[in-house]
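These notes are about the structure you will find just below.
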Number of protein chains: 2
Amino acid sequence: MDVRAQILDAATRLFAARGYDGASLGRIADEVGVRKASLLYHFPSKDALHRAVLDGVLAHWNEALPRVLEAAAGEDRFDALLHEVVGFFTAEPNRARLVLREALDRPEAMREQLEGQVAPWIAVIAGYIRRGQERGELRPDADPEAWLFQIIHLIVGGVATADSLAFGGNTDRLAREIERMAKVSLFTDEGLARNASRGERAAE
Amino acid sequence: MDVRAQILDAATRLFAARGYDGASLGRIADEVGVRKASLLYHFPSKDALHRAVLDGVLAHWNEALPRVLEAAAGEDRFDALLHEVVGFFTAEPNRARLVLREALDRPEAMREQLEGQVAPWIAVIAGYIRRGQERGELRPDADPEAWLFQIIHLIVGGVATADSLAFGGNTDRLAREIERMAKVSLFTDEGLARNASRGERAAE
DNA sequence: CCTACCGATCGGTAGG
DNA sequence: CCTACCGATCGGTAGG
């Protein structure tokens, strides 16, 4: 791994754990094993480094989401999407923490990112939901865009704060309840029945 | 309002907006209209001020929750609780941001707070849910503690990041979807029917 | 509640 | 990629 990637890696960890102001260039450089001045050769400023870290999180989505949407067959699309989101953030919880911190630290910048980069994909998936509602598989009173936001919110927030909430080893219970809430609040009884039969096959 | 309360007020605002490291004692003092050294007369250190701010958030719950639980009649208890949580955080979104930041910045301290101060109340309310499940009003597959955590999570996180998510004036949609998801994921059809008839009366 | 001040740390630059 | 250094800002203290 070249130095630039090592810097991005350490910066991701420290920005996620301590926030923009709490993470100093000196400590990031220490973790990589270089001097602060050398770090500023690769990234012109702390702000530029921070933006590069956030771009890394966003870049994955622009690659992964189209792939999942195209690959997953129509009926299994929701499971595939759910697992992609869960997998993406559990694989690297710092991604979730970075997103949450950005929402708190710079709400205006986050709003623009959501509108420009995330909203289009939300719209696409919301379209699938609307078709499911027309077929009677999904609850007609569900608000597709709002439902999606809340589920993503539960996953991202849950992963980001897992260390805080994980008392008594209840992370599994929390994760299972998210999945139950997501399904029961979106699928009709008819849709759930079809989903369950598919789930039993998948569990084997 | 005396100086001490003014300091706590300004500190709440700045800690919520910029985090512990991002909020300086100098700026907090500026907003109050005193010198930094004067601020350190009322609170011996930045850390002590921060803890006092968090205690203020917690103190409300130890007063409000027992009150709501006792006052609300059995059948309307869930609506009363939901509105208390929503009202508490929407009235002062900084409370929600502080809680979220604490979970990110000091997960260990947050975990202890949750175990000691919040878990007992969760247990009480979870008991109500279990009784509702035995009566057939609430879904038997719902995990009472986990469901409560997720609903509180949705409300706290939603309020804290409302500025980021509020594009196209969709905060109302997001709030309505939380309420719909909460109800449909907890109540059975029978329970929902009873709830709806009560809701219609309340809406008049 | 103030002025004056301290040591430490910060992001960033000069120059090689 | 380094050493050496800068001005600014930080939390906190002395003394009144």
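Numbered from 1 within each chain, the chains take letters A, B, ... in sequence-line order. From a predicted model like this one, the values you see are computed outputs, not experimental measurements.
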Which one, [options], comes nearest to the side chain of [X]?
{"X": "B:Val3", "options": "C:dC1, D:dG11, C:dG11", "answer": "C:dC1"}
{"X": "B:Ala37", "options": "D:dG12, C:dA4, D:dC1", "answer": "C:dA4"}
{"X": "A:Lys46", "options": "C:dC1, C:dG11, C:dT13", "answer": "C:dG11"}

(request) Verify the contact: side-chain N or O of B:Ser24 to OP1 or OP2 of D:dT9, cut-off strictly under 4.0 Å; return yes or no. (result)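 No, because none of the side-chain N or O atoms of B:Ser24 sits under 4.0 Å from OP1 or OP2 of D:dT9.
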(message) Quick check on D:dC2: is either OP1 or OP2 less than 4.0 Å from any side-chain nitrogen or oxygen of A:Ser38?
(response)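 Checking A:Ser38 against D:dC2: at least one side-chain N or O falls below 4.0 Å of OP1 or OP2.
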Using whole Å, report how far [atom1] of [X] lies from [atom2] of [N].
{"X": "B:Arg4", "N": "C:dC1", "atom1": "CZ", "atom2": "P", "result": "12 Å"}
{"X": "B:Lys36", "N": "C:dT3", "atom1": "NZ", "atom2": "C1'", "result": "12 Å"}
{"X": "A:Phe15", "N": "C:dC10", "atom1": "CZ", "atom2": "P", "result": "13 Å"}
{"X": "B:Arg27", "N": "D:dG11", "atom1": "CZ", "atom2": "P", "result": "12 Å"}
{"X": "B:Tyr41", "N": "D:dT13", "atom1": "OH", "atom2": "P", "result": "16 Å"}
{"X": "A:Leu40", "N": "C:dA14", "atom1": "CG", "atom2": "P", "result": "12 Å"}
{"X": "B:Leu39", "N": "D:dC10", "atom1": "CG", "atom2": "C1'", "result": "14 Å"}
{"X": "A:Asp47", "N": "C:dG11", "atom1": "CG", "atom2": "C1'", "result": "11 Å"}

(request) Counting Watson-Crick and G-U wobble pairs only, both distances under 3.5 Å, name the nucleotide matched with D:dC10, or none. (result) C:dG7
(request) Tell me the partner of C:dG15, counting only Watson-Crick (N1-N3 plus N6-O4 or O6-N4) or G-U wobble (N1-O2 and O6-N3) with both under 3.5 Å; none if nothing fits. (result)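 Per the H-bond distance test, D:dC2.
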(request) Would you indicate whether B:Arg180, at its atom CZ, is surrounded by more than 12 heavy atoms from other residues, nucleotides or ligands within a distance under 6.0 Å? (result) yes
(message) Is it true that, when you exclude A:Arg35 itself, more than 12 heavy atoms of the residues, nucleotides or ligands shown sit nearer than 6.0 Å to its CZ?
(response)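 No, CZ of A:Arg35 has 12 or fewer neighbouring heavy atoms, counting only those of other groups under 6.0 Å.
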(request) Determine the interplanar angle of the B:Tyr20 and B:Phe15 rings, folded into 0 to 90°, and report it as parallel if under 30°, tilted if 30 to 60°, perpendicular if over 60°. (result) parallel
(request) Give one of base, sugar-phosphate or nothing for A:Ala23, where a contact means two heavy atoms less than 4.0 Å apart. (result)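 Result for A:Ala23 = sugar-phosphate.
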(message) Considering every strand and a 4.0 Å limit on heavy-atom distances, what is the contact class for A:Leu25: base, sugar-phosphate, or nothing?
(response)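 If one applies the 4.0 Å heavy-atom cut-off, A:Leu25 turns out to touch the sugar-phosphate alone, with no base involved.
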(message) Is a donor from one side chain sitting under 3.5 angstrom from an acceptor on the other, for A:Asn170 and A:Arg173?
(response)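 Looking only at side-chain atoms, A:Arg173 and A:Asn170 do not form any donor-acceptor pair under 3.5 Å.
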(request) Please check if the side chain of A:Arg95 supplies one atom and the backbone of A:Phe88 the other of a donor-acceptor pair under 3.5 Å. (result) yes
